[in-house]
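Chain A is the first sequence line, chain B the second, and so forth, proteins listed ahead of strands; every chain is numbered from 1. These numbers come from a predicted model, not from an experiment.
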Number of protein chains: 2
Amino acid sequence: MRDAELTRQKILTVSADEIHKNGFTATSLSCILARCDISKGALYHHFTNKLELGYAVFEEVYAPAFIALWQPPVEAEDPIAGLCDFFSAMSKNMSCDEIVCGCPLNNLCQEMSAIDEGFRIRILAMQQQLNLLIATNLARVSHQLQPGLDFSQVAYFIVATFHGSSSLSKSSLNKELFDKVIKELCRYIRQLKR
Amino acid sequence: MRDAELTRQKILTVSADEIHKNGFTATSLSCILARCDISKGALYHHFTNKLELGYAVFEEVYAPAFIALWQPPVEAEDPIAGLCDFFSAMSKNMSCDEIVCGCPLNNLCQEMSAIDEGFRIRILAMQQQLNLLIATNLARVSHQLQPGLDFSQVAYFIVATFHGSSSLSKSSLNKELFDKVIKELCRYIRQLKR
DNA sequence: ATACATACCGACCATGCGGTCTGTAAATAC
DNA sequence: GTATTTACAGACCGCATGGTCGGTATGTAT
């Protein structure tokens, strides 16, 4: 065969990139076809429709990448330091375009949650998974933290602020606001200690 | 005349509502026309195109409402208490739909900043205006606050978290996450004191 | 060699969109 | 009373989109 799996992966990769940059609705299939250099027939052989393609991108590209991104800092010996280093590294290493582009999960959440149930439940599941990941690892070192903290609440707070910061940056087209918010976020996180 | 100004205002009001609910791109003119019970000719008599209608909605509906919303809590005698009460009142009084729908400014920021310069500069201006409003009022009571705070940074942090919290809520379709993040945000804000 | 399934091609279609244009009725100017 | 401008009405257009469908080439099984 003419490596069907490779074709499928190429479609997924390109689609993930396009959806990340333009959002799901604004991403046109013809654009994906052009970049993949395949025909419409090829795409509809592998995916039943645009929505199913979107779900596949979410499950096979975004979700694994998302977990792979957040797991290391949170599961580090010291999750407080891990998270601060994680965010600081973003400020330092990510390009302006990357930051302004934002997190695919948050972008899709804003765009698709109210429109499509399929996306909504997938996004919700990821957010809950991430929240659990952060909260349990904070609980793990609770003896080093302030008493009386609601770890789930703190975890949601951190993620909300992070996503809000990249949202803020979108209108200014530079990292400055992102850096500011991240700095303050790190200050907040460190303050959780003792 | 057949009250042209009234027609214009009706178009603006309905458009503001539709754009708030569906976003700018997904809002169709035909839907606006139907709700206003006017013809396409009427709309294009008052506005040159969809984009200009969007700008008008932003400047004449969203921007004034936005300032009217944020100014009182921030300019209160005690802005710390003002902001906490402001956010708590949102948790208490706003309907689930309102929260999930989110702030028009943040929604447009996410959707339109990367697509259209006209929207981007207007959104940016609003964000800077809000930041200045918060930062200067924090500076006003700086003697009551922790030393060494960067007020602009704190102001951006607060707004980022607030917008992030409503973003989070969109996937769960309820206020729970919003309430959690707002609670933690108030805790953070109160911690600025002393 | 034959048969069949898989992988892909690309013309075609219906739909909905923003936008235009011609026409008309109401208000105002003179 | 007439002329002109203002405030609409609504048919129409071009375009891009997601999706369909009949056909074709490439592989595998027998």
Discussion item. Given the ring of A/F157, does B/K183 sit roughly above its face, with NZ or CZ under 6.0 Å from the centre of the six-membered ring and within 45° of the axis?
Written reply: no

Response to the item:
Per nearest nucleotide of DNA chain D, the residue lying toward the 5' end, A/T25 or A/G41, is A/T25

Worksheet item: If you check the A/Y44 side chain, which of C/dT20, D/dG19, D/dT17 turns out closest?
Response: D/dG19

Worksheet item: B/L43 near the nucleic acid: base, sugar-phosphate alone, or nothing, with a heavy-atom cut-off under 4.0 Å?
Response: nothing

Fill in: Rounded distance (Å) that lies between atom P of D/dC8 and atom CD of B/E5
10 Å

Discussion item. Could you tell me how far apart B/D116 (CG) and C/dG18 (C1') are, to the nearest whole angstrom?
Written reply: 15 Å

Discussion item. Using a 4.0 Å heavy-atom cut-off, does A/T27 contact any base of the nucleic acid, only the sugar-phosphate backbone, or nothing at all?
Written reply: sugar-phosphate

Fill in: A/S39 side-chain proximity, nearest of D/dG18, C/dC9, C/dG19
C/dC9

Worksheet item: Nearest-Å distance, CG (A/L33) to P (C/dA11)?
Response: 13 Å

Discussion item. Please tell me if A/T7 has a side-chain N or O lying less than 4.0 Å from either OP1 or OP2 of C/dA7.
Written reply: no

Worksheet item: Which whole-number value in Å describes the distance from A/K50 NZ to D/dG19 C1'?
Response: 12 Å

Practice prompt. Scan A/K40 against the nucleic acid and name what it touches under 4.0 Å (heavy atoms): base, sugar-phosphate only, or nothing.
Written response: base

Item to complete: Compare all side-chain heavy atoms of A/V141 with those of A/P79 and state whether any distance is below 4.5 angstrom.
Response: yes

Worksheet item: Can you tell me if the side-chain N/O atoms of A/S30 get under 4.0 Å from OP1 or OP2 in D/dT17?
Response: yes

Practice prompt. Could you check how far CG of B/N22 sits from C1' of C/dG16, rounded to whole Å?
Written response: 15 Å

Worksheet, complete the sentence: Rounded to whole Å, CZ of A/F47 lies from P of C/dC8 at a distance of 11 Å

Worksheet item: Between A/T7 and A/H45, is any pair of side-chain heavy atoms under 4.5 Å apart?
Response: no

Discussion item. I want to verify a distance call: between C/dA7, D/dT6, D/dG19, whose nearest atom is closest to the B/H45 side chain?
Written reply: D/dT6

Worksheet, complete the sentence: Scanning both residues in full, the closest heavy-atom pair of B/I67 with B/Q129 reads CD1-NE2, 3.4 Å

Fill in: Distance in angstrom units between B/D3 CG and C/dA26 C1', rounded
13 Å

Discussion item. Side chain of A/A42 only, heavy atoms from C-beta on: which candidate in C/dG19, D/dT6, C/dC9 is closest?
Written reply: C/dC9

Worksheet item: Can you list the steps and then say if A/L83 with A/L185 is a side chain to side chain contact (heavy atoms under 4.5 Å, CB included)?
Response: CA-CA 10 Å; A/L83 280 169; A/L185 177 58; over 6 Å; no

Response to the item:
To the nearest angstrom, the CD-P distance between B/E52 and C/dG19 comes to 10 Å

